[in-house]
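Below is one structure, written out as structure tokens, with a few remarks after it.
Everything numeric here is computed off the predicted structure, so don't read it as measured data. Every heavy atom of this structure was used, including side-chain atoms; hydrogens, water molecules and symmetry mates were not. Residue numbering restarts at 1 for every chain, and letters A, B, ... go by the order of the sequence lines.
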Number of protein chains: 2
Amino acid sequence: MSPAKPSPDKREAIFCATIKLLAKYGFHGFSIKQLAEEAGVATGTIYLYFKDREDLIRELNTQIINDFVKASLEGHDPQLPLKQQYQHICFNIWQFCIENSCITHCKAQFDHLPPDVLRSQHSHAWDGLQPLKHLFEQGRKTQKIKNLPDDILISFSIEPYLYLARQHLLDIIKVDSEQLTHIIDASWDAIAGPASKNTNGQFPQE
Amino acid sequence: MSPAKPSPDKREAIFCATIKLLAKYGFHGFSIKQLAEEAGVATGTIYLYFKDREDLIRELNTQIINDFVKASLEGHDPQLPLKQQYQHICFNIWQFCIENSCITHCKAQFDHLPPDVLRSQHSHAWDGLQPLKHLFEQGRKTQKIKNLPDDILISFSIEPYLYLARQHLLDIIKVDSEQLTHIIDASWDAIAGPASKNTNGQFPQE
DNA sequence: ATATTATGAATGAACGTTCATTCATAATAA
DNA sequence: TTATTATGAATGAACGTTCATTCATAATAT
């Protein structure tokens with residue numbers, strides 16, 4: 001089966017098994033022993049590739065963010081109209097979440113790492129999402145997108161998809177491709193247009 | 001402090017300490033011993049009030065959902081215009097999240113309990129949110145709200161607030177009350193109006 | 001006195017991590 | 001080619017720690 005080479009993709013096997021187990025059991029109920037079994041290696045082997053448990057999880061987190069960001073921007077074309085650019089990214093996100101169910105379930109787990117890790121993760125993710133930043137910036141300038149900070153726009157642009165994908169994968173709800181279109185439209189409605197002017201009675205914002 | 005009383009609210013103290021620790025350390029790094037110390041009781045005492053660790057967490061989860069639902073609907077008035085009803089609920093959610101930071105951080109942890117628990121949690125939550133269900137239903141009928149399933153509307157109505165509140169509490173972003181108004185408006189824009197008809201083909205937006 | 005409630009030392013299972021050992025392959029020598 | 005040696009990836013039993021849970025005992029209430 002497995003010879004004794006250096007090892008190009010054994011690390012990958014460990015990653016893969018970690019994702020699988022983390023998605024299934026969460027951080028509790030996830031043990032190194034179980035991981036070794038799932039990955040088809042000895043427990044000690046894991047420590048040849050990762051300093052310790054924490055290191056493994058941090059590295060995995062980084063890779064997942066990278067993959068997610070990369071998938072989100074696949075085929076991105078800054079020449080297209082803003083709305084189309086946005087729709088494309090949203091579709092990418094949905095697609096990625098559905099096709100990588102383990103990652104989708106994992107990802108949410110990472111939202112509860114220590115605060116300092118979260119902060120660096122946050123800024124790292126934004127680094128990769130530069131094109132989305134530009135899209136938002138351009139949208140704000142041309143009044144096609146509400147004049148709100150990136151993070152707030154994100155809360156309508158990415159979070160709902162993550163949530164819905166999780167529920168979809170758990171069979172709690174079902175989203176077909178026609179609904180997805182409507183969802184993407186709804187999410188565009190949330191961020192589109194200059195910040196609405198009259199909430200209740202109040203003053204225009206500008 | 002009190003040596004050996006019957007115990008009306010010792011259970012509450014244990015709940016409270018659990019929330020605190022869970023918010024701080026997550027499921028890992030949360031131990032019964034630590035919990036006992038934080039709650040000011042002996043380890044054995046915990047087992048007088050809860051069958052075991054799992055039972056404690058499940059019960060806590062249920063109570064948090066109940067509190068959350070109750071807070072969301074506080075002061076709800078079905079007589080008001082739909083948009084105002086909606087804004088009021090959104091504001092309640094934000095308020096609750098900010099005022100109960102430990103619960104907000106905890107809540108997300110529970111998103112990764114076993115699937116069957118998640119499903120029952122989901123339907124239990126909806127039971128309590130009947131008024132919101134009605135609001136959505138009425139909105140769909142009168143074309144004031146998009147013709148989309150409740151769960152999808154929720155993804156723009158609750159999830160973004162949970163996400164933003166978490167980030168706000170972690171000091172990753174800051175949301176002031178003026179921004180909150182805009183966020184609530186944006187979230188209304190997401191669900192408002194009949195499901196948009198032209199995705200790409202483009203009519204004027206208003 | 002009796003029942004109820006609280007305690008925390010004791011327990012054993014499970015955990016992450018280590019390290020002496022193995023062995024297929026690579027490198028070198030004949 | 002064939003024999004010999006060196007390598008380091010892989011192993012998994014063993015280790016020390018930590019954990020959830022129990023229970024004999026103590027404290028309090030009735």
- Item | Annotated protein contacts, base or backbone, on nucleotides 16-22 of chain C with a non-hydrogen cut-off under 4.0 Å, one of B, S, - each | SBB----
- Considering residues at least two apart in sequence or located in another chain, which fulfil the side-chain contact (heavy atoms from CB on, under 4.5 Å) criterion with B:Ala39? B:Ile14, B:Ala17, B:Val41
- Task: Take the C1' atoms of the five end pairs on each side of the helix from C:dA1-D:dT30 to C:dA30-D:dT1, get both axes, and report the angle to 10 degrees.
- Result: 0°
- Atom CG of B:Leu48 to atom C1' of D:dA26: distance rounded to whole Å? 14 Å
- Determine whether the side chains of A:His88 and A:Asp77 contain a donor N or O and an acceptor N or O closer than 3.5 Å. no
- Listed once per pair and sorted, the side chain to side chain donor-acceptor pair (under 3.5 Å) pairs that draw on residues 94-104 of chain B, sequence neighbours left out: B:Gln95-B:Glu99
- Do A:His124 and A:Asn66 meet the criterion of a side-chain donor-acceptor pair at a distance under 3.5 Å? yes
- For B:Lys146 and B:Asp189, work out which heavy atoms get closest and say how close. NZ-O, 3.3 Å
- Between A:Asn92 and A:His76, does any side-chain donor sit less than 3.5 Å from a side-chain acceptor? no
- Task: Output yes when at least one side-chain N/O atom of B:Tyr49 is less than 4.0 Å from OP1 or OP2 of C:dT5, else no.
- Result: no
- Query: Step by step, would you call A:Phe68 with A:Phe96 a ring-ring contact (aromatic ring centres under 6.0 Å, His included)?
  - Reply: CA-CA 7 Å; A:Phe68 180 87; A:Phe96 180 81; 5.7 Å; yes
- Query: Which residues pass the side-chain contact (heavy atoms from CB on, under 4.5 Å) test with B:Cys90, sequence neighbours left out?
  - Reply: B:Tyr86, B:Tyr161, B:Ile184, B:Ser187
- Heavy-atom closest pair (B:Arg140 atom, B:Pro149 atom, distance to 0.1 Å) is NH1-C, 4.0 Å
- With side-chain hydrogen bond (donor to acceptor under 3.5 Å, both in side chains) as the test, would you mind laying out the steps for B:Gln121 and B:Asn61 before giving the verdict? CA-CA 8 Å; B:Gln121 162 188 318; B:Asn61 184 16; 2.9 Å; yes
- In residues 14-25 of chain B, which residues come under 4.0 Å of DNA chain C by heavy atom? none
- Within less than 4.0 Å of OP1 or OP2 of C:dA6, is there a side-chain N or O belonging to B:Lys10? yes
